[in-house]
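So you know, we letter chains A, B, ... as the sequences are listed, proteins then strands, and number each from 1. Note that the coordinates shown come from a computational prediction; the quantities given were computed from them, not determined experimentally.
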There are 2 protein chains.
Amino acid sequence: MAGPDEQDERAFLEGYDPRAYDPVAVTVDVVALTIRDGALHVLLVRRGEPPFAGMWALPGGFVRGVRDAEDLPEAAVRELAEETGVSAEGGPLERVHLEQLGTYGAPGRDPRMRVVSVAYLAFAPELPDPEAGGDAADAAWTPVDALGLTEAGDQRPGTTRRLAFDHARIVSDGLERARSKLEYTPLATAFCAPEFTIPELRAVYEAVWGEELHAGNFHRKVLSVPGFVESTGGTADRGGRRGGPRPKLYRAGDARLLHPALLRPSREEEIR
Amino acid sequence: MAGPDEQDERAFLEGYDPRAYDPVAVTVDVVALTIRDGALHVLLVRRGEPPFAGMWALPGGFVRGVRDAEDLPEAAVRELAEETGVSAEGGPLERVHLEQLGTYGAPGRDPRMRVVSVAYLAFAPELPDPEAGGDAADAAWTPVDALGLTEAGDQRPGTTRRLAFDHARIVSDGLERARSKLEYTPLATAFCAPEFTIPELRAVYEAVWGEELHAGNFHRKVLSVPGFVESTGGTADRGGRRGGPRPKLYRAGDARLLHPALLRPSREEEIR
DNA sequence: CTGAGTTCATCTCAGCTTGAGAACAACATA
DNA sequence: TATGTTGTTCTCAAGCTGAGATGAACTCAG
């Protein structure tokens, strides 16, 4: 049945106070990614209380609903700022790219109550350690390789850093989104300093995609895509770590989409 | 501030009963797309009650949180089935593709209370009119061109079918997602009958992208992408509407990604 | 039944992009 | 100073794309 009955039901429910009806809590979780020492890292916090005490989880928390009501991206920025220990205004978070990743609301994903969590994905340039002077075990940038994530979105047996709730699935989805976004948007520049070199940009792609790229072809491609990068005219202070000429400096261009896209080589195998 | 303070705050909030804390309601809305008479249509319902009485809205409703708790896709399928008047089991909904589109939670988007809405996107083959025997003004497939949507996600002045809440933004996002998905996934087949012809598939692309495609190149491309379509060996009953040979029949292949992708021609202009 | 116009399916061809490799100068380090 | 590494630019073959042409199969009007 539809139509009149459904209309009546919706009108009824919409006029109902949800406090008295069916309590669902809304949280935001943030998958914040950065690159350190050439490896992709995700920001995690260690849980102090049950459930999942001692396990690692994404930074996040409740959305302020009515008192100090905030929009969802606001809540994500607030949580990220609180966990990272830096202010969102004027600080390093200014240059962080933030986008919605997805919403996770399966019954039972939180054993205490019904929680619907809106996950956000953040791309950050190298940021300081979270609360460097505090308890180092509470929050840390963690190499994603150390999480033992499988394609199915869970963790391999034997992995020491266990993730709480369904956060392994959320991190997996975030990584896949990041890998995909690097293909057709210029967001790799969000992992770099304001001025960067082509080899630095290539290192970002290699860290996120987990495979080496042909330096010559990458260089040609990046310069041939309109609006991806623009030259600053400058040159880096020194050459590569183990030699080589000083690379030229670039900054992010004004393109929002890469055309043609930079496709990852390994894509062939994942198609089916 | 982060670390210990933040930990305490989260532990405090997580143990808190949200009913007594900060009430946020969770709903699902469905952007159901289909193709009728060669044009892209979206399923809309007319609101009978304020706010926005008489305006059109996406089918949707509250997620069942604790009593009869359901997952978010379940809620979307239930709402879609209720509004469409067909059963999800065994009926035409079996072949509907459903994916999460995004979550909309700006304060004030519903004037009555704080509502966070998880939007789903559905691709459907041609379905019957919603509750054909009932009040025809209550639910209807609407040509998306009749909504006067702008790139900014609102409606042009003078458009007669006004959308309630922020549903113009949600529909706009759904359309952009659909256009994009057709490029790199075989989901155009979700708009077709189980067996279809290449010209029918091309009509889907032309309806969603809103531009004509080169028939010869499209044909070559579809057949050259591995796993996009597979031949049934059969032939359609008759030729095109105004003549031509009987086209061959195909069914959807097993590819989940199109490689190489089918890029829309107009992409060049939207890049910046 | 016939002729005109339409459509499916395939082919051709020039232009562009890609992947792989080579070359060479500039540089770090021992 | 010698050696190995790296940034940048070429070259070349292979593949893909857009635009157009062709001919057979078909619908429909007269």
Subject >> Residues from residues 196-217 of chain A lying under 4.0 Å of DNA chain C - heavy atoms >> reply: A/H214, A/N217

Original post:
Listed in order of residue number, which residues of residues 232-240 of chain A have a non-hydrogen atom at under 4.0 Å from DNA chain C?
Top reply: A/R238, A/G239, A/G240

Looking only at non-hydrogen atoms, find the nearest pair between [X] and [Y] and report the distance.
X      : Y      : result
A/Q155 : A/T150 : C-CG2, 4.4 Å
B/A261 : B/E183 : CB-O, 3.4 Å
B/A255 : B/P226 : CB-O, 3.6 Å
B/L80  : B/A122 : CD2-CB, 4.2 Å
A/R251 : A/T232 : NH1-CG2, 3.5 Å
B/T235 : B/P247 : CG2-O, 3.4 Å

Original post:
Do the ring planes of A/Y205 and A/F228 sit parallel (below 30°), tilted (30 to 60°) or perpendicular (above 60°)?
Top reply: perpendicular

Quick one: is [N] close enough that its OP1 or OP2 comes under 4.0 Å of any side-chain N or O from [X]?
X      : N      : answer
A/K248 : D/dT9  : yes
A/R242 : C/dT29 : no
A/K221 : C/dT17 : no
B/H219 : C/dC8  : no

Original post:
Which residues in residues 181-193 of chain B have at least one heavy atom lying under 4.0 Å from any atom of DNA chain D?
Top reply: none

Original post:
Quick one: do A/R264 and A/E176 make a salt bridge, cutoff under 4.0 Å?
Top reply: yes

Original post:
Looking for any heavy atom pair under 4.0 Å, which part of the strands does B/R241 touch: base, sugar-phosphate only, or nothing?
Top reply: sugar-phosphate

Original post:
Does a sphere of radius 6.0 Å around CD in B/E212 hold more than 12 heavy atoms from other residues, nucleotides or ligands, not counting ones at 6.0 Å or beyond?
Top reply: no

Original post:
Where the side chain of A/P245 is defined as all heavy atoms beyond and including C-beta, which of C/dA9, D/dT9, D/dT6 is the nearest nucleotide?
Top reply: D/dT6

Subject >> Minimum-distance nucleotide to A/P260 side chain [options: C/dT17, C/dT12, D/dT9] >> reply: C/dT17

Subject >> Identified side chain to side chain contact (heavy atoms under 4.5 Å, CB included) partner of B/H167 from the options B/D29, B/V42, B/L147 >> reply: B/D29

Original post:
If you find the nucleotide of DNA chain C closest to A/R246 and the one closest to A/R220, which residue's nucleotide is nearer the 5' end?
Top reply: A/R220

Could you tell me how far apart [X] ([atom1]) and [N] ([atom2]) are, to the nearest whole angstrom?
X      : N      : atom1 : atom2 : answer
B/R264 : D/dT17 : CZ    : P     : 16 Å
B/L258 : D/dT17 : CG    : P     : 12 Å
B/F218 : D/dA19 : CZ    : P     : 16 Å

Subject >> A/Y104 and A/D173: side chain donor to acceptor below 3.5 Å >> reply: yes

